[in-house]
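A quick write-up on the structure given underneath.
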Amino acid sequence: MKENILIIGGGAAGMEAATQLQKMGLTPIIVEKSEALGGHIAQWDRLFPAFHPAKDVVDQMLEQVKGVKTYLNTEVADIQRDNDGFHAILSNNEKIDAKAVVLATGFDVFKAERKQEYGYGIYNNVMTSVELEKFFRTGKDARINNPKKIGFVHCVGARDVKVCNTYCSKVCCTTALKQACEIKEVFPDAEVYTFYMDLRMFGPGYEDLYLKTQKDFDVKCVRGRVCEVSEDMDGRLVIKAEDTLFGKPLKMTLDVLVLMCSMEKNKSIDAIQQKLGVANNSDGFMQIKNMYLGMNDTAQDGVFVAGACTAPKSLPDTIGEARSVATQVFNYINR
Amino acid sequence: MDFGFCLSPSSHVKMDTVDLTTFNRLKETNPDINTCIACGSCTATCTAGNFTEMSFRRILLMLQRGKEDEAKKMIQRCMLCGKCTLVCPRGINIRKILLDITR
Amino acid sequence: MLPFVLGMAFVLTYCVVGLLRVIAQLPKDDRKQFWRSLVTPKTAWANIRDLFGDCLFHVKIWKRNPVLGYMHSAIAFGWFMIIVIGHIMLFTLKPLQNVEVQGFEGMFTNFYYPIFYKFFATETPVFAFLMDFFLLMIISGILIAVVKKIYSKIVGVKRVTKFGLADNMIRFALWTIFPLRLLAEKTNIMGFWWAYSIDLCIFMCMLPFTRYMHIPTEALFILLRHAGLNAREPRKGYALAQIYSCPSCGLCIDACPMSVNDKNSGNTSAYFMKKLRNADDAEAKRIAETCLMCGKCVMVCPVSIESCDIKFSQRAAVPYNINSDHSYLDVISTETQRSGEILSNNNKVLYFAGCMTQLTPKIMRSMKQIMESAGENYDFMDKDGGICCGRPMLLSGKTAEAQAMIAKNTELIKKSGAKKLVLSCPICYKVFKDEYHLEGIEIQHHTQYIDELIKKGKLKVNKGEVNYVYHDPCELGRAFGVYDEPREVIENVGNLKKAKSEKELSICCGGSLGSFNLTQQERDEITENSVNDLMFNNPEQIVTACPLCLKTFVRKSPVAVKDIAEVVVENI
Amino acid sequence: MIIEGKQKIWADYQKDIPDDHYFYVRSCIRQAFWPGSEVTFLDITRNKLGKDFYENPYHTTCGGIAYHSDTIPQETAMTIIARQFALMKESGYENYVCSCITSFGCYTETLETWHEYPELEAKIRQYLWDSCKKEFAKPKYLAHASDLIYKFRFEIAKQMKFPLVNVKTGKPLKVVEHIGCHYSKMFPSKGFGGAEYPHVLVGMIEAWGGEVVDYPERRQCCGFGFRQYFVQANRGYSESNTHKKFESMEPYEPDLIITNCPGCPYFLDRWQYVIAEQTGKTYGKNGYGIPALTYEEVAGLVMGYDPWDLGLQMHQVAIEPLLEKMGIPYDPKKKYQGLNGKDLGQPMCPSCIKSV
Amino acid sequence: MEYRFKGHLVEELYKDYRIKEGMKACMNCGVCTAVCPAAEFYKYNPKNIVNIVARKNEQDLEDLLKSDTIWYCGECMSCVTRCPRANAPGLVIMALRKLSMRSGLYMQSEKGRQQYVVVKDLCSNILNYGYCVYPRTFDYETHKEFGPVGKWINDNLDDLHARMGSNLDGDGPGGLRKIPKESLDQLKNIFDVTGATELMEQVLGDAHEEAVKENLSDEEYFMKVYTENDWEKHLNH
């Protein structure tokens, strides 16, 4: 029995779900809006906590997903549902019939310029974590010019009423420490500071990474949110924060400031999501049926979700969800 | 002219100019010093802390924020009882560091 | 004969100068005390007893290890006897054999004559037998020494001191003296006599610069020790005598709990004394601050060197840039009396839990229950946190600072009107016993107190079925010999199993406040070793009587670890 | 500095206010310290631009300074504001513009609080009735007077005689903008350009040919601090804040500071004198200070008003070097004259900062 | 001095709309303190204030209301802009100050007692002239920072305002015009109705009582409070 399963999104969640569904004898079809599979993770250099090359993981996933029918540079333009299942029209006008839909549309990176006081897009040497990762991958970034002092700001676009994101973005803490170590590897003489509020080292080996960051890499963790950034005569960045553990305001000049941008829901899927009748939760991510046992289910039968479209998630979380969604879909088809 | 008031000094910790000599000296012999997670266990258990402001966590911070004089003043309160070392979740040899600061 | 005379002259001069130096360095009071002790009959007798017992017969080593005891006493006593018999022969046979020399030269010959007796004269058979007997005795001792050098485990020693070139050379010199003498005596070849004489010269000339200096120094040290002196400075006076008295025998190396990690066996007392002798200040300081101060090395030392005291004085010698300021203590008592509900006069027992017990509240709770069950009139001195007893300060060499706390606690205790002070922490117990002046107030460790309550019938306990092993806290056992009370208490409430090393030989838990430098990992190794030792007879629970031992053992113990008070409460 | 980034924010933070028919309320501080500014504002809007700005003689203080000095309860301040709104209603206006930034903050805070807590609005309505027998209507649009100059900046530029350009070098003047804290810090969307990169003064500077200086302590408060200034013992706080700002802007060598709050230019001006007296330091060139002007004064200058009609002689920091840079003719004799050339004597010379 | 307020301080504080508006949950990130001018020049930390208020402990609140701490804020409201939890420490301070004055606890701190000066100056200006600030009340001797120009302005007040086009004490519209009596009466009514008069009289009364206790005239007491400055104590080293 071959049944079509439409998977929207070809990132880690979509690829892994497709791989599993294919192994189960179903016919997954991936629709990916960009020109390649891999999603955000394909843009990443190394993964926390063990500095494993992201390419390794992505390559393996690409290898496994090879036989799956994939549309690149394509979006779902319209989707209808009847008793036979789902009928989607793609942006290339092709039509796809499917028994079930998996939304694996992932996340968007918070637009750092929205946090105006950090001056991203205004002060030259303010950059985002995504851009820093690109620097690690390519070794090129005009802003990084043998810096002597580098700062990381946590929770940019997260835990912040002022940008309407009250949730924690989960992976930024660990990413910040990973990147802090990496930048220290590139510039061993540089002083590296992270400005955090809580260091949420939630996974196996993550706390060890924290310890390593402190002990081996001499990264200085300051508890306090950076409150404003400005530029001095030389184009260096002057930042202010409270050292909350010390209870005094603190001021320092940095060469580069990295903003740990949060995850927001990928909004390009909103129209299709609405057509499918999947609502958003208060954080703006897709609403799941149940936090414990129904994390892949939506209010609509046959519409499933996996990965960061429902909440900020790490790569292992996402892959776990992708595998579990495959089981859910399989059970749904064979119900 | 006496205006009846004058400029106040800034309380900002100026990280650009802070003197870390003592902290770096300690770091050489006690690399653990970097691993403090500011949990406050040392302060909570401190025998002298029961009567004074004594807090090892703060002493470490003072040294990193250029307030060496304050740190040394606070250390005077210490009774060296060693409870802090026993409760530190990162296993920092606090008593040793305290002694090293004093000499 | 010339080499011998030269060597002898050198070594005697050195010893006399050294003796004068040590005595000169003694503080005035100590010096007076020393002179007085020499003529006091009691100490004089002890001096004579120990001079023979320790220097010649090495009674302490015998006790510890008979093979080594034999080795040492064979060489020392044998040599001594040869010299003595030589002199007896000189005085008994000389007139008969017409070898008298008069005047200054006579004094000189008397001096070396016995050493080369056979070269000058013949012995009577009895003397000849005695001389040969002792010579062979010495040589047998040397044989053991050679074997020990090659394979120490045969004689029951795991680790031996590692020596430098000079120490190895003089040892070789010592080993060869007696075989050469034997050869010379038996063959009477001039060359052997010369070799014997030169060997003696080498030995004596090197003596002041090597560990064998302990041979002459130990005698002085015994006298000083019996005078009841304390080391006040790490390199002067009494300490100097001890430094030179250390034979570097290495018995302390195996005894030291730190030696569980070979890397740390260099931190043992034998090396500490050596660093002091070699004036290696930095290393001496480091070792002094690494030591756990458990006192086991002192316990096993055949010479009774008080290395912990010297380490104390070494710590105290480190200058501090910051003086402690505990003036805030003054305010406490007068204003708030925070450190306890101060008692009315009719309370008899005052319980001072101490800092460490604050971290193990179950001990406090158990003590409360025990005192209540026994119907005691008691009160807590530091229910909401008290003032440190001062012992850690002392351990850091800050004597004056410790006095601030001691004075404040003394004031609070005296004000309480209590007749008895009970402590559940041996660290406190040690300092209360040694440093506090609490006339009229009985100071008891809670093991002693509970034992007394049971014996008096105030506290009724049931004998349970649990097999316990008891760990002797260093500052209770070795420091004060409180070995029996806790054991009796435990036997009242359960079965007491033996540990592999007990009482004065018990192994420090590794948590000691004495050490500044040991890392957590190094401490854990010590703890594991100590736990293994306690688990020798597969007890079901480990019982200790020190909150710090308790906290330390809990980290590594496969079975439950409890304070003696808890165990008692479980069986009330 | 990437100017496009700021431009994007400026485009996002544009508020919708009409450009005519306003009920104008004065500022206690501006009318007392910079009387020429309000006169100039009304002259420009009414006479040069032909707009309707009505002033009701019965309006009073909004009580904002007393409120922020914690001398009157919140309800009192709100009821005084409600009374002003009632006067607006009685005069037949819907658009409300105030000259004071503290007032602007209080009006905004009041309207927002009423929005959030309608029961409080009802309570105030009752208070106003009980005390004054008046009823108020909330204004349809609320603006600060600088918002309107901002809105008219290009029209003003059309009538401009002396742009913010150094006539000797031909280069734009370097201008520091200082925004009153209560303009947009509490409610960023209520100010042109928001709270972080307000455009209200930047827009004027750019339209009139100047170059904006963005320095690290730009967003800092001048240090007024209400009770921190009113009590002599506290003035060190106020002075220290201004000192911090000048230390930060000094390396940029600004020619001029432009402000939209009435108090800030006073403090930025007078504290320069005090700092000079106490420490010997001046922040302008050749022992002069940096002039700190109101936006009305700057608008007046570029439009060719006589400096002494604008009241620039009421600043302690000498204005002449700026006038010379801009090529504005002035008669030094008239600086210290009253009406009809009446001789009013001259202020003493300070010991440190140059006054002429 | 025992304080006149007999109720529950925490309860009373939480009735204030500024607490409702400005006091949500704090995550201790410190942005308010980082940007705060008072935290730079005084022994002051707005984050700590918010935490004490959030704790709702009667004793802690009382201690806070008695202290100099709440009087350090300059109410610039910079903290309001950036708080990620939309708290407004500046508003919280205003509510605390009001309660401190109402309860009388403000009299127990040096900075609190200064309220006498501010209340006396500002309230009388509003009630007498209809303005918070009125130039005829300016005194150069107690405001040396006016500088030579300020002194010159004071000395020629009428001439200068006439020159500048003000309507100083005149009728009809214009700067510094005389506020009509009916408007001043309305302000007085507002003060009476909304509790400002009561608060003002309490503060003036407290000051008088204190002056009598210290054997000073009201004017002497005013100058004492106006100039008294335990400078070192207030600094945040």
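Side chains included, hydrogens not; waters and symmetry mates left out as well; all remaining heavy atoms used. Every chain is numbered from 1, with letters handed out A, B, ... down the list of sequences.
Shown here for D/Ser240 and B/Ser8, the closest heavy-atom pair between the two residues is OG-N, 2.8 Å.
Within 6.0 Å of NZ on B/Lys73 lie no more than 12 heavy atoms contributed by other residues, nucleotides or ligands. Within 6.0 Å of the CE atom in B/Met1, the count of heavy atoms belonging to other residues, nucleotides or ligands exceeds 12. Counting heavy atoms of neighbouring residues, nucleotides and ligands inside a 6.0 Å radius, atom NZ of D/Lys281 exceeds 12 of them. Applying the 6.0 Å contact sphere to NZ of B/Lys14 captures more than 12 heavy atoms from other residues, nucleotides or ligands. Around the CD atom of D/Glu324, the shell of radius 6.0 Å holds more than 12 heavy atoms that belong to other residues, nucleotides or ligands.
Among D/Lys244, D/Glu277, D/His243, the residue making the largest number of heavy-atom pairs under 4.5 Å with chain B is D/His243.
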B/Phe3 and D/Gln278: CA distance, side-chain angles, deciding distance, side chain to side chain contact (heavy atoms under 4.5 Å, CB included) verdict: CA-CA 9 Å; B/Phe3 291 91; D/Gln278 289 180 341; 3.5 Å; yes
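In this structure, CD in D/Glu239 is found 7.5 Å from SG in B/Cys6, a value given to the nearest 0.5 Å. Residue D/Tyr237 holds its OH atom at 14.0 Å from CG of B/Leu7, rounded to the nearest 0.5 Å.
Interface residue D/Thr279: only side-chain heavy atoms are found under 4.5 Å from chain B.
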